[in-house]
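Take a look at this one; I'll ask things after.
These figures come from a predicted structure and were not determined experimentally. We number each residue from 1, following the sequence as shown.
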Amino acid sequence: MKKIIALLLVVSLLSCEEIVNEPNISNETITLLAPANDTTLEKGKTISFNWVYLGDSLNYHLQVATPTFAQASQIKLDTVVNVNQFSIDSLSANSYEWRVKGVNFAYETEYTINGFVVE
């Protein structure tokens, strides 16, 4: 029984070490590319969200709200992806904000936010 407990202790310590060695991305900033801030997009068209790849981020948390996150009446999209782009078929005519943050096993960046309008 003591050997099993010792083995579990070693395994848990090794797992903690991996988290400690995870790159700290909390001071990094995601750069949003498209849609650019204050862009007007055409209703009924596919909307592609793109941002600059962050090397130490394993995933990206992408959200879209209308009209803003501060006064969100609806979250239109809330997803996690492992690439630096995502497309949706279309959005209805309205004002929107979109935001992205990078995430790894131990850290995350702050959200970066842009606004756009669909007409």
Side-chain angles (χ1 to χ4, degrees):
M1 185 65 160
K2 289 182 182 180
K3 288 182 181 182
I4 293 174
I5 293 173
L7 179 61
L8 289 174
L9 181 61
V10 168
V11 169
S12 67
L13 288 175
L14 290 175
S15 298
C16 290
E17 183 179 331
E18 289 177 16
I19 292 173
V20 171
N21 289 331
E22 189 72 17
N24 185 347
I25 61 172
S26 59
N27 291 323
E28 301 287 332
T29 301
I30 300 290
T31 301
L32 304 181
L33 300 174
N37 202 36
D38 297 327
T39 298
T40 299
L41 304 172
E42 187 177 339
K43 181 181 169 188
K45 300 287 184 176
T46 298
I47 300 173
S48 295
F49 299 94
N50 297 278
W51 53 93
V52 174
Y53 174 77
L54 183 62
D56 291 323
S57 180
L58 299 176
N59 294 302
Y60 301 94
H61 191 184
L62 167 65
Q63 295 181 318
V64 177
T66 183
T68 66
F69 285 101
Q71 298 176 355
S73 63
Q74 190 173 28
I75 301 295
K76 301 296 278 186
L77 176 68
D78 187 357
T79 190
V80 175
V81 296
N82 61 1
V83 294
N84 60 326
Q85 57 95 23
F86 188 84
S87 295
I88 57 175
D89 289 335
S90 66
L91 291 170
S92 58
N94 211 333
S95 296
Y96 296 90
E97 280 189 338
W98 70 288
R99 65 186 184 180
V100 176
K101 71 177 174 180
V103 179
N104 63 26
F105 288 116
Y107 302 97
E108 58 187 45
T109 68
E110 294 292 323
Y111 279 107
T112 303
I113 300 173
N114 273 356
F116 65 96
V117 174
V118 174
E119 292 183 340

Problem - Cluster overlap Val64 with Leu41, hydrophobic side-chain contacts below 4.5 Å - result: yes
Which atom pairs, donor and acceptor, lie under 3.5 Å between side-chain atoms of residues 27-34 and protein residues at least two apart or in another chain?
none

Handout entry: Same apolar cluster: Tyr96 and Ile75, side chain cutoff 4.5 Å
Key =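 Different clusters: Tyr96 never reaches Ile75 through Ile, Leu, Val, Met, Phe, Trp or Tyr contacts under 4.5 Å.
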Exercise for the section: Look at the side chain of Asn37 and the backbone N and O of Gly115, then say whether any donor-acceptor pair between them is shorter than 3.5 Å. Expected result: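 Yes, the answer is positive, given that a donor and an acceptor are paired below the 3.5 Å cut-off.
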Handout entry: Selection residues 58-77 - residue pairs positive for ring pair (Phe, Tyr, Trp, His ring centres under 6.0 Å), sequence neighbours left out
Key = Trp51-Tyr60, His61-Tyr111
Practice task
Check whether more than 12 heavy atoms from other residues, nucleotides or ligands sit under 6.0 Å from atom CG of Asn24, and answer yes or no.
Solution key: yes
Problem - Within one Ile-Leu-Val-Met-Phe-Trp-Tyr cluster: Val52 and Val100, side-chain cutoff 4.5 Å - result: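 Different hydrophobic clusters.
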Problem - Closest non-hydrogen atom pair, Ser95 against Val117 - result: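 For Ser95 and Val117, the tightest heavy-atom pair comes out as OG-CG2, 4.0 Å.
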Practice task
Give, for atom CG of Leu62 and atom CD of Gln85, the distance between the pair rounded to the nearest 0.5 Å.
Solution key: 10.5 Å
Problem - Approximate separation, where rounding is to 0.5 Å, of Leu58 CG and Asn82 CG - result: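 That separation rounds to 9.0 Å.
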Practice task
Kindly give the heavy-atom pair with the smallest separation between Ser48 and Pro35, and that separation in Å.
Solution key: O-CD, 3.6 Å
Exercise for the section: For the residue pair Phe49 and Trp98, categorise the inter-ring angle as parallel (less than 30°), tilted (30 to 60°) or perpendicular (more than 60°). Expected result: tilted
Practice task
Give the cluster check for Leu77 versus Ile47: same hydrophobic cluster or not, with ILVMFWY residues linked at side-chain heavy-atom distances below 4.5 Å.
Solution key: yes
Practice task
Group every Ile, Leu, Val, Met, Phe, Trp and Tyr by side-chain heavy-atom contacts under 4.5 Å, then state whether Tyr53 and Phe86 land in the same group.
Solution key: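 Yes, because Tyr53 and Phe86 connect within a single hydrophobic cluster, where side-chain heavy atoms sit under 4.5 Å apart.
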Practice task
Go through the side-chain N and O atoms of Asn94 and Ser92 and say whether any donor and acceptor fall under 3.5 Å apart.
Solution key: no
Handout entry: Separation between NZ of Lys43 and CD of Glu119, rounded to the nearest 0.5 Å
Key =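 These two atoms lie 11.5 Å from each other.
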Exercise for the section: Identify the residue among Asp56, Leu54, Val103 that makes a side-chain contact (heavy atoms from CB on, under 4.5 Å) with Thr109. Expected result: Leu54
Problem - Euclidean distance, Ser87 OG relative to Asn50 CG, rounded to 0.5 Å - result: 7.0 Å
Problem - Atom pair OG1/NZ of Thr112 and Lys101 - distance to nearest 0.5 Å - result: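 Interatomic distance, Thr112 OG1 to Lys101 NZ, rounded to 0.5 Å: 11.5 Å.
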